[in-house]
Amino acid sequence: MLSTKEQERRIGQLLRSMTLAEKIGQLWQLTGCKASYKKLIRKGQLGSLLNLTGSRDAHAGRIANEFQRVAVEESRLGIPLILGRDVIHGFRTILPIPLAQASSFDPSVAEEGAAVAAREARAHGIHWTFAPMVDISRDPRWGRVAEGCGEDPVLTSRMGAAMVRGFQGGRPDKPDRVGACVKHYVGYGAAEGGRDYNTTWIPEGLLRDVYLPPFHACVKAGAVTVMSAFNNLNGVPTSGNEWTLRQILKEEWGFDGFVVSDWASIQELIPHGYCADKREAALAGLRAGVDMEMLTDCYRENAESLLRSGKLKMAWIDEAVSRVLRIKMRLGLFENPYTDEGRAAEVTLSDENRAVARRAALEGCVLLKNDGLLPLAGKIRKLAVIGPLADAPVDQMGCWVMDGQEQDTVTPLAALRKVPGLDIRYAPGLASARENGTRLFGRARKVARAADAVVIFLGEEAVMSGEAHSRAFLGLPGAQQQLLREIAAAGRPLVVVVMAGRPLELGPLLEHAGALLWAWHPGTMGGPAIADLLTGKASPSGRLPMSFPSTVGQIPVYYNKMNTGRPQETLRPVGLPIGTPLDPSDFTTSYIDAEQRPLFPFGFGLTYTTFQYSGLKVTCGRDVVVRCCIRNTGRRAGTEVVQLYVRDVAASRTRPIRELKDFQRVTLKPGASAEVEFRLVRDQLAFHGVGGRRVVEPGLFKVWVGPHAEQGQEGQFTLR
Ligand code: BGC
């Protein structure tokens with residue numbers, strides 16, 4: 001790789017030789033594979049393509065090279081193209097959806113997964129992925145919660161930064177890495193009512209404390225690009241927002257990569273009502289610091305006349321071009337513009353990649369209920385496998401899968417059939433998760449009755465989450481609830497496994513389930529991972545990265561909320577509300593007709609064993625050191641995700657009732673114990689005060705170390 005000094009020298013040299021049309025060309029990205037693009041590339045008028053190739057192209061690398069050759073060998077200055085694609089949770093080997101990866105509370109899962117995705121994508125001619133998505137989301141109606149890491153800024157920051165490291169490695173110019181693009185900057189997940197693309201209102205303190213930190217963490221991890229979003233933020237759309245892009249991202253954080261718009265989001269400044277026409281949109285985008293325009297051609301059409309009019313500064317164009325060139329250099333594209341065409345077969349879907357996907361799926365599953373039925377090992381011989389998602393290879397991959405293929409996916413049914421000693425009988429009960437008919441119920445009932453136990457696979461199809469797939473109701477779609485009732489009536493021990501892209505409303509499901517395993521959309525290797533967990537070959541260790549609402553009417557429901565002047569949850573002991581729906585007379589913040597607490601809190605997840613917390617010790621010196629003893633009190637080995645929460649009791653801008661500060665996965669044999677130590681540096685206690693200033697305020701802090709956001713050993717310290 002060129003030294004930074006040499007890179008900057010070459011950027012300067014190129015800038016001096018480029019015509020305006022060539023400069024604007026670097027700031028334009030088009031989609032797909034069209035021969036007509038070659039003419040633009042030859043003239044130096046197109047800097048990037050997305051979706052030029054994918055795994056379905058038998059010769060993806062060759063196609064990528066063919067277009068790259070035009071740029072490098074036939075254009076006047078030979079500036080290489082940067083080729084992007086949405087490699088969100090895997091390329092051919094599909095990892096669990098990001099929300100499931102977040103459930104592992106294990107950044108190494110995200111890092112290894114992203115490295116697999118990078119390896120496979122790069123071998124197919126892709127230099128750059130539009131991931132990770134680190135939008136904090138507190139509304140499961142929003143379809144895109146699947147793509148992110150949930151409701152907490154610390155967890156999302158850790159997972160997002162790990163993905164950046166996985167995609168890029170220490171050296172993003174290596175032939176098995178791709179550039180990352182952190183998205184969607186910023187606040188996109190706070191869309192009103194969970195409606196995709198909708199308006200967001202986020203006060204500066206909240207933006208800086210909750211929505212921005214994951215982006216900052218990814219930038220610090222070296223992410224080479226950032227994507228501006230679709231949403232209108234406090235009245236200024238994020239793709240024309242000078243404050244968030246130029247001021248915060250580029251100036252405050254010193255981000256030196258480039259910003260790409262989201263799909264047509266520059267032109268969308270017009271329907272937002274922010275710009276009157278494409279000319280104004282171009283000006284707004286460039287002024288704000290969106291360096292590359294995806295898909296639409298506002299910049300291309302208008303930059304020249306805007307420059308002539310004096311409204312657009314040449315310095316903005318030059319800066320944008322420099323940033324694009326810098327990242328092309330950082331990715332090694334000037335030195336090695338071509339893809340090794342022979343590599344794809346060797347690195348794609350390798351055993352190693354599949355093993356990574358399997359571990360990620362395993363760690364991403366969350367056990368939400370278990371009356372002792374799981375694990376099944378030794379207890380069950382004849383097992384009925386029921387449900388529309390037991391053998392749904394496409395659906396189990398989840399949303400945002402462009403390259404994963406059906407035939408590569410191992411479903412739970414296929415995996416369970418391979419378990420020695422299990423006699424599997426299968427009946428889907430419904431042809432798809434959205435089917436309303438009951439014609440297949442009869443056979444499913446019969447299969448259930450003839451078995452020792454039943455595992456029923458329910459949930460959402462892949463198309464029910466993801467972009468533009470918000471839901472107003474969060475129950476099981478189609479006739480699944482009815483199917484569940486019928487199967488439960490067969491009276492056999494019943495395990496429910498749910499595959500979904502978001503938290504659902506589970507109340508009606510829970511009462512029928514002896515055990516409930518939440519598998520999200522677990523990807524290519526979801527089947528074997530689930531089989532391992534059900535049979536006890538492995539133990540569940542995942543935790544919820546989002547609170548599960550007990551009813552849609554509670555949304556937004558998230559753990560790190562403010563206390564209000566009339567809190568219901570005076571925790572007594574921790575976790576028990578005082579007012580109840582039946583006694584609404586207590587004039588606290590609550591509903592008179594529903595629970596206020598979520599059904600399952602953030603951080604929750606069971607294992608096949610039990611853990612006891614004791615002996616919390618807090619010492620406050622230069623750092624705050626929190627120690628707690630964890631003991632495995634059950635009969636099986638298990639992994640506990642030990643979570644550290646803090647509350648700043650009184651502050652100049654009020655603080656949430658709890659904030660996750662750190663977590664550790666601890667694996668213990670039966671009877672074994674360990675002392676877990678957390679060290680908090682002062683900066684971890686900071687927040688953004690009135691006026692947006694970052695402050696750490698002295699005073700009393702409460703501390704909890706526990707298994708989830710509503711439980712834990714409590715301590716405190718006073719910061720002087
Ligand atoms: C999505 C982005 C994605 C882009 C390119 C947009 O519609 O919002 O997340 O990266 O398309 O495919």
Side-chain angles (χ1 to χ4, degrees), residues 28-33 47-56 81-91 97-99 114 117-118 121 124 126-137 142-149 156 160 163-164 167 178-191 194-200 214-215 218 223-233 237-241 257-269 271-272 285 290-297 398-404 462-463 465-470 501:
W28 196 27
Q29 182 188 58
L30 286 172
T31 182
C33 181
S48 176
L49 284 167
L50 81 149
N51 301 332
L52 173 66
T53 57
S55 73
R56 275 164 227 274
L81 293 166
I82 177 168
L83 303 173
R85 188 171 180 83
D86 291 276
V87 183
I88 307 298
H89 52 111
F91 183 71
I97 54 169
L99 193 59
H124 285 80
I126 293 148
H127 311 134
W128 177 31
T129 177
F130 304 117
M133 191 274 230
V134 294
D135 295 312
I136 295 295
S137 46
W142 190 46
R144 302 197 81 167
V145 298
E147 291 173 61
C149 295
T156 302
M163 287 178 200
V164 170
F167 285 130
V178 295
C181 182
V182 195
K183 70 188 189 185
H184 307 83
Y185 192 78
V186 54
Y188 181 40
R195 290 182 288 274
D196 206 3
Y197 313 124
N198 223 281
T199 306
T200 59
F215 287 92
C218 290
V224 292
T225 66
V226 169
M227 184 185 287
S228 68
F230 288 130
N231 57 301
N232 183 345
L233 175 65
T238 44
S239 285
N241 201 311
F258 73 86
V259 175
V260 64
S261 79
D262 202 344
W263 185 274
S265 69
I266 294 298
Q267 190 157 320
E268 285 175 18
L269 295 173
H272 266 301
V290 178
D291 304 302
M292 183 183 280
E293 180 180 3
M294 187 188 285
L295 196 78
T296 46
D297 56 2
C399 64
W400 266 118
V401 170
M402 302 182 80
D403 297 285
V463 295
S465 55
E467 185 174 351
H469 288 71
S470 296

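Just so you know, these numbers come straight off a predicted model, no measurement behind them. Both counts, for ligands and for their atoms, begin at 1 and track the order of listing.
Each of R144, H272, E467 was evaluated against Y197; a single residue qualifies, E467, per the side-chain hydrogen bond (donor to acceptor under 3.5 Å, both in side chains) test.
Residues M292 and T225 are not in side-chain contact: their nearest non-hydrogen atoms beyond the backbone lie 4.5 Å or more apart. For the pair N232 and P237, the minimum side-chain heavy-atom distance is below 4.5 Å. For the pair R85/L52, no side-chain contact is recorded, criterion being any heavy-atom separation below 4.5 Å from C-beta on. By the 4.5 Å heavy-atom criterion applied to side chains, P132 and P98 are not counted as neighbours.
Ring planes of F230 and H184: parallel class, angle under 30° (limits at 30 and 60°).
For ligand 1, the atoms sitting less than 4.0 Å from at least one non-hydrogen atom of W263 are 6 (C), 7 (O), 11 (O), numbered in the order shown with element in parentheses. Here is the list of ligand 1 atoms found below 4.0 Å of a heavy atom in D86: 3 (C), 5 (C), 10 (O), 12 (O).
In terms of N/O distances under 3.5 Å, ligand 1 is not approached by W400. Taking any N or O of E147, backbone or side chain, none lies under 3.5 Å from an N or O belonging to ligand 1. Note: no N/O pair closer than 3.5 Å links N51 and ligand 1 by distance alone. In terms of polar-atom proximity, defined here as any N/O pair under 3.5 Å, K183 does make such a contact with ligand 1. Checked by distance only, ligand 1 and Y188 stay at 3.5 Å or farther apart across all their nitrogen or oxygen atoms.
Evaluated by nearest non-hydrogen atom to atom 2 (C) of ligand 1, the leading choice among L50, D135, D262 is D262.
Taking the six-membered ring for Trp, W128 and F258 have ring centres closer than 6.0 Å. Taking the six-membered ring where the residue is Trp, the centroids of Y188 and W142 are separated by under 6.0 Å.
Heavy atoms of R144 approach ligand 1 to within less than 4.0 angstrom. For R85, the heavy-atom gap to ligand 1 stays at 4.0 angstrom or more. At least one heavy atom of H184 sits less than 4.0 Å from an atom of ligand 1.
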